[in-house]
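Throughout, protein chains are lettered first and strands after them, A, B, ... in sequence-line order, and every chain is numbered starting at 1. Only a predicted model underlies this, so the values are computations on that prediction, with no experimental measurement involved.
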Protein chains: 4
Amino acid sequence: MTAETKKPAAQTENTMWGGRYTTGPAEIMEKINASIDFDKRMYAQDIGGSKAHCRMLMATGIITRADGEKILAGLDQILGEIEAGQFVFKRALEDIHMNVEARLTEIIGPAAGRLHTARSRNDQVALDVRLWVRDAVDRADVQLADLQAALVERAEEYAEAVMPGFTHLQTAQPVTFGHHLMAYVEMIARDRSRFQDARRRMNESPLGAAALAGTSFPIDRDMTAKDLGFDRPMANSLDAVADRDFALDYLAAASILATHLSRLAEEIVIWCSAQFRFVRLSDAFSTGSSIMPQKRNPDAAELVRGKSGRVIGALNTLLIVMKGLPMTYGKDMQEDKEPVFMVRDTLDLCISAMTGMVRDLTADVPSMRASTLPGFATATDLADWLVQSLDIPFREAHHITGSIVKLAETKGCDISELTLAQMHSVEPRITQDVFERLGIDNSVRSRISYGGTAPDQVRAQAKLWKERLS
Amino acid sequence: MTAETKKPAAQTENTMWGGRYTTGPAEIMEKINASIDFDKRMYAQDIGGSKAHCRMLMATGIITRADGEKILAGLDQILGEIEAGQFVFKRALEDIHMNVEARLTEIIGPAAGRLHTARSRNDQVALDVRLWVRDAVDRADVQLADLQAALVERAEEYAEAVMPGFTHLQTAQPVTFGHHLMAYVEMIARDRSRFQDARRRMNESPLGAAALAGTSFPIDRDMTAKDLGFDRPMANSLDAVADRDFALDYLAAASILATHLSRLAEEIVIWCSAQFRFVRLSDAFSTGSSIMPQKRNPDAAELVRGKSGRVIGALNTLLIVMKGLPMTYGKDMQEDKEPVFMVRDTLDLCISAMTGMVRDLTADVPSMRASTLPGFATATDLADWLVQSLDIPFREAHHITGSIVKLAETKGCDISELTLAQMHSVEPRITQDVFERLGIDNSVRSRISYGGTAPDQVRAQAKLWKERLS
Amino acid sequence: MTAETKKPAAQTENTMWGGRYTTGPAEIMEKINASIDFDKRMYAQDIGGSKAHCRMLMATGIITRADGEKILAGLDQILGEIEAGQFVFKRALEDIHMNVEARLTEIIGPAAGRLHTARSRNDQVALDVRLWVRDAVDRADVQLADLQAALVERAEEYAEAVMPGFTHLQTAQPVTFGHHLMAYVEMIARDRSRFQDARRRMNESPLGAAALAGTSFPIDRDMTAKDLGFDRPMANSLDAVADRDFALDYLAAASILATHLSRLAEEIVIWCSAQFRFVRLSDAFSTGSSIMPQKRNPDAAELVRGKSGRVIGALNTLLIVMKGLPMTYGKDMQEDKEPVFMVRDTLDLCISAMTGMVRDLTADVPSMRASTLPGFATATDLADWLVQSLDIPFREAHHITGSIVKLAETKGCDISELTLAQMHSVEPRITQDVFERLGIDNSVRSRISYGGTAPDQVRAQAKLWKERLS
Amino acid sequence: MTAETKKPAAQTENTMWGGRYTTGPAEIMEKINASIDFDKRMYAQDIGGSKAHCRMLMATGIITRADGEKILAGLDQILGEIEAGQFVFKRALEDIHMNVEARLTEIIGPAAGRLHTARSRNDQVALDVRLWVRDAVDRADVQLADLQAALVERAEEYAEAVMPGFTHLQTAQPVTFGHHLMAYVEMIARDRSRFQDARRRMNESPLGAAALAGTSFPIDRDMTAKDLGFDRPMANSLDAVADRDFALDYLAAASILATHLSRLAEEIVIWCSAQFRFVRLSDAFSTGSSIMPQKRNPDAAELVRGKSGRVIGALNTLLIVMKGLPMTYGKDMQEDKEPVFMVRDTLDLCISAMTGMVRDLTADVPSMRASTLPGFATATDLADWLVQSLDIPFREAHHITGSIVKLAETKGCDISELTLAQMHSVEPRITQDVFERLGIDNSVRSRISYGGTAPDQVRAQAKLWKERLS
């Protein structure tokens, strides 16, 4: 995919590469080598990059204004043809760059041959992929903001809905469903920050690196960089051609995001089970059985969970491709595109599906609440009360609580249902006040530390996020 | 993708699933859920499996002969339509199974409704993928045998062509290029055995597991198993539905194969460099530059090397998908197909390309030989001679050799160019015979141990493999 | 790690490698290069391999009987010292091979210098790792057989215990817990067969490949192969030195096994939740809270689930290490040991822990049964009855069933609780016999197809496995 | 590893957890569950975190100043004991947290029981790992800056040393070795920026999340956050306990870094080959053979290359661990530590070894230069000259160049060695000036575009980086 290092092709199709090769490429070679089937997705980036390059060539006087205007018009026409579905991509022309250039020659004639001045397919493809990934990052950001908005809405709605707070899928302490959803808002915030970091780091222009060594033409790399929205040109031409960090950064951010989505997806699958019955997805987000009405398969959640596999697999793929590659460009690097394209499509689907599910789901608040009751979920509240009210060291308070729980277990009741006298049999200093702390609503309301599960805390966080997101 | 647990779809398109759903599926749901875009590749397996099922239903009297014949004829017609490119796949029908069944109903009417008796989409899809992967395994075996044949041919041709035997990319001892190529024949032999093991392990029929529990119909699972070339039916219906080991086995074998191919590909890239000049690929397997004639980019080798990334990535993908999945079928498992399909296509390309390169390449025998000369590559021969002829313990022989090499280094010559007198200054017992062992041809010829690099050994191995492969 | 290509070391510690190096190795070099900290785990394999090599050298007359006997006695003494914890491993001697050889020289003097005749560290280390991995395979097989035995025992015990058969974690049809456990017996059977295949494929001896080219000594590779329990010597000396497939085969088998264990582990975690209450682990296999008695954290199950990550990670690691490595030995290949050692330890823990949990768990049979009831889990039984008794095509039977289920839903009862008259309002041909098929026990008992969930089928499979395992 | 959800242990060892368990934990359980063998590496973070928590408890009046002072002194004593190697870690106490607390109780008595007020092992371990990873990030940054410094030094030294600029390991255009080295300075700069982004994102305090719900104690999370150098407390207590993004961020940055190091390592291995002879490593960074003096195995480079496998494997490991985990803490998450610890040690070794190699290596400038000559490496210079001097469109200039190269090939000379008359046979407009552009030094000097290979550009970049790094 390098300008000076071309695969031979039939004369009629690709006359640019001269006749150095006496035999045509083997069929297998065309199949393994051609990238047009997938790299045509970068047509907008390729044309946009060429236009910026052309404007710079005009501005610096490397080509004439007349030639430049013809090139720009021709490129616009090609863009129109592609977007109208009228462009015929040819595999013999191998990739998007040659397909566009060949068409440009048809449209405007020899002036087309001036576009590639001071450029190489090496910096051209590096530019195209980078622009494409940057667009993918921007898209992910918008979609993730929408997912956050959906989570915040539902969190506000369920700011007081008590559910079990789990560790090890065992009830640890009562929390609210709103608080639980807000945890994902935080995770997604980190995902967005990760994509933003990736964007900032990739936002340097490789254009002007030419084949790999830079060029002797008096190009203005700052101009093209600025034109294309980059912060600056890359500082080393070999690196510009050899680097695929931007794709790795994108895939790494996508992989961590995918684990977050898989966690929420797993929870939705579990919550939708008949045994949990915490939430219900509507027909729009579950599939069922014509003969088993209760069966509501959370297919979308399972697919989101499962698709984490392909995202992580794609990251792994590109890391392996890049492992041990000597500089600068090796054809191995053509393997960067398909993983990136696939992940972008996968994120599109998964974020949308998750956003849809979050907006769609109905929490079964009574069922969640009922699930919180057994298991002495407020035992830690009792321990904390002993520390706070009786100044008993925490570890001792823990011991006393254990004994009181054991007593309640023997009596077959919750600790909040013991009498004060019964409690006194374990610890005589306990006062009537203790009962104000026991019970799941009291427990939840008491967790007022910053970031805690108290409904006011949850609402405050939700409010903050609504402001940030608007 | 389960028969009784269906995604809702427009009434007009998919009337089989009744009208339990009041709202249609969200558009995102259709996009994330439908598998027809990729699972249509399994049409032959789906139809073949249905025909075997139908024949069994007829034989056991579960359906009538008349209905059965209609179904079989209808399925054959559909197969013809698909292969003629006349079949219209509908996304609203979600997958290959429903597309085929819906068309069958159009063709033969209500009798089509009897085909799915004692079957579920769960065992149907498990069957289809398994049959597809088995075909992929068989194809890999044929292609790998061809690669071995190519390697053996070239190995025989170059059985005496001396090249450096490398460790750490440093010359260790002289070997022959034929010997080097035969090492890959052994690696590929293990790959084939790995695919064969996978085939044997997967060669059990899931058909008859129905949804997951088996069925009350008096089916004959042995009959369908035999009909479809399986060794036996799977022994547990839950396992039949939940298992994707066969795909993992295929991907694991493919991954190890991919590392082998990547090693040979790396060697070809290095050998093609101007600095090594060990081999030359023809125009058919390299791409060049119209203005730099010596530049012969080994693109195919680089792509084979790089594509190891996606194969290993695919294995990783499916292992992650299956990690932590509760039984039996989860929609996550729909993620098994695309990695398997992609890897099958990738192996196709990579094995073909490698076979083509092996057949195409020309070794630069003088250049290889010249590369072997410097570096005292026969020092170990001298040490071995000292042990064999003078009965000096190996470690001491090593010390003596070190001193002689140092002497040669000082004199600026190879050890074979030292005089006997010069050698005597280090070890007086050395005799004239030593010179028969020094020199790279003598060295290579002396390695007569089984599997060694002596040309006769190489030819014997090549002969053996030719017999095995014919 | 090659015999002829050694890291320099202090004269006093390692006098074997002569004084070619004027400066000592950098400290960082010693840290990155020395493998003794981990490869000492292979001491038994190293000594066993050396003894076999020595016996062959004696038998072929390459060394004298007297020297050979001294070497064998010395090696036995070293083995004893290591196993008694009296051996001092020295990092300056870099690896297990040199540590053993240096000590042998101390014990028996110059004759020790004859052991390495016709051998190199390259084939020695290839042999050691291979023997070690073979032992790991054998150990896995024994442990997995024990896990199967545990599963079979419990399956027999619970052959009639009804539980929901899940797809998508939604009840699909009733099955028995015994049947569910037997599914894992099948998975583990495939795992064992995978390890056996790996064993068979790796069971060829690399010994005699020497540095890489074979040797001029009249060695008998068949003898050492047989002595060490190998089926035959490897057929290509370069391959013998460059191959790490055996480790990859082991890691691939381990990875697939790890996904199986992770699935059962996930189920145990879910089953232990208060919402499911399907099983209970004793104190021995759960951790709890001193103050929350119901909290029984299934830590061991979670660790088994989580440790699938490191096993798959290890497979990935070694595939990446081997990717693109030119032949034959590269120092990169030293990275094979730690992943293999870690995985062996991890499998040890995980299989044992899982076997312990399977033996330890108590199923809450009433809770499982109660969980099966809602959701019209026997709807498919009704559909099958309509086909079998009334000869209604399957798809039509499905429709009728859907309507009857809808009726029951409206009435707020199970389909088995409808009156015949009520059923007749949907389908008049239904007879009283239908009620013999409805109800979860009848459903389960009816699945008599081979591999189905009928208790007799489950018992038959369990009996078969008991015989196989004894 | 949660405070309220403890593994039972022998009374004598761990009296804190009461006696709810009648049977002791199985031996296997202790082996799989205990983390003290590896988590003791976090002792400094654990004690530092406890001290900050204690100071906050004092400041807010939750504990008395007297108790607080005792605790702080006790913790300091324990830190001293551990660093002096006098601390006895007990496996029965399971982890670093309980080991420290148990010892604190021995030293200061019951007051120790107040330290854990308003804290849980859940937020404690989340804090410890986060602090540890932050330290690892800081260490990587320092080491990477040193690697950059080494690269910049050598780049300045070799700013004019001409070498082939490779694509596909084929010479494309001449560049300088300094320029090549500066490309790695840019890559490492991105690595550092990636670690910095990770640091910034992880720099929020989980302390105060308690078990998962927050706490009713009037804690000051801002105070502990500030005390420990965090930017702020985390905003959601569930997220604080469930998050391992910080470890994933670290591992992702490490993986991309590892591919960069593997690329340079691969180049060093290739450059050190006898066929390339571009660089030479001293004895300190290569290993050799006592009898083959030219053999200089670049072991350290190979290990750096190979160790990319384990780093990527570790990222993969933790992504798999986190995939599909329901909130909040699951014991699976204990699997975060070992990959992170291992990667930190691996980076330590690999960055140091690479820095050492860069400082150590000697470029063979004449050999590099000689390698650049063949292959018409300046053909693109001729094409550019045609465009610049004769205003020929780039594509036509390319064609003319191809013909001139063909002519030179026929004549058996370089294009710079053709006469003007010979050139005129292809393109009559060429003038004498053209010869000023041909020749590799002229070529290199002409690439003056920003980031190009012209020595002045390289020196300018090196100067800039020296300033940045000082």
Side-chain angles (χ1 to χ4, degrees), chain B residues 164 166-173 266 269-278 286-299 301-302 316 319-321 323-325 332 367 371-380 382-383 397-406 408-409 415, chain D residues 164 166-173 266 269-278 286-299 301-302 316 319-321 323-325 332 367 371-380 382-383 397-406 408-409 415:
Chain B
F166 291 103
T167 55
H168 315 271
L169 211 59
Q170 302 278 318
T171 305
Q173 293 175 340
E266 165 93 356
V269 171
I270 291 174
W271 292 341
C272 285
S273 69
Q275 290 72 22
F276 270 74
R277 274 195 308 127
F278 280 14
S286 56
T287 67
S289 160
S290 55
I291 62 172
M292 298 177 65
Q294 266 95 332
K295 202 160 194 320
R296 305 188 66 79
N297 301 325
D299 285 34
E302 291 177 289
N316 205 26
L319 286 166
I320 295 172
V321 168
K323 180 243 172 177
L325 269 202
D332 320 52
S367 178
S371 225
T372 317
L373 287 173
F376 308 101
T378 58
T380 54
L382 173 55
H398 237 233
H399 265 293
I400 295 167
T401 304
S403 301
I404 293 175
V405 164
K406 202 176 283 180
E409 209 180 7
I415 48 174
Chain D
F166 292 103
T167 55
H168 315 271
L169 211 58
Q170 302 277 317
T171 306
Q173 292 176 339
E266 165 94 356
V269 170
I270 291 175
W271 292 342
C272 285
S273 70
Q275 289 73 22
F276 269 75
R277 274 196 306 126
F278 281 14
S286 56
T287 66
S289 160
S290 53
I291 63 172
M292 297 178 65
Q294 265 93 333
K295 202 158 194 322
R296 305 189 67 78
N297 302 324
D299 284 35
E302 291 177 291
N316 205 29
L319 286 166
I320 295 172
V321 168
K323 180 241 171 178
L325 268 203
D332 319 53
S367 178
S371 226
T372 316
L373 289 172
F376 308 101
T378 59
T380 55
L382 173 55
H398 237 234
H399 265 293
I400 296 167
T401 304
S403 302
I404 293 175
V405 163
K406 202 177 282 179
E409 208 181 7
I415 49 174

As an exercise, state the distance from [atom1] of [X] to [atom2] of [Y], rounded to the nearest 0.5 Å.
X: B/I320; Y: D/N316; atom1: CD1; atom2: CG; answer: 5.0 Å
X: B/F278; Y: D/Q275; atom1: CZ; atom2: CD; answer: 4.5 Å
X: D/E266; Y: B/L169; atom1: CD; atom2: CG; answer: 8.5 Å

Taking all heavy atoms of [X] and all of [Y], pick out the closest pair and write down the distance.
X: B/H168; Y: D/V269; result: O-CG1, 4.3 Å
X: D/V321; Y: B/K323; result: O-NZ, 3.3 Å
X: B/T167; Y: D/K295; result: OG1-NZ, 2.7 Å

Just give me the residue among D/A377, D/C272, D/A301 that pairs up with chain B most often, heavy atom to heavy atom, under 4.5 Å. D/C272

Against chain D, label B/I270 side chain, backbone, both or neither, depending on which of its atoms sit under 4.5 Å from a heavy atom there. both

With no hydrogens and no angle check, do the side chains of B/S273 and D/Q170 hold a donor and an acceptor under 3.5 Å apart? no

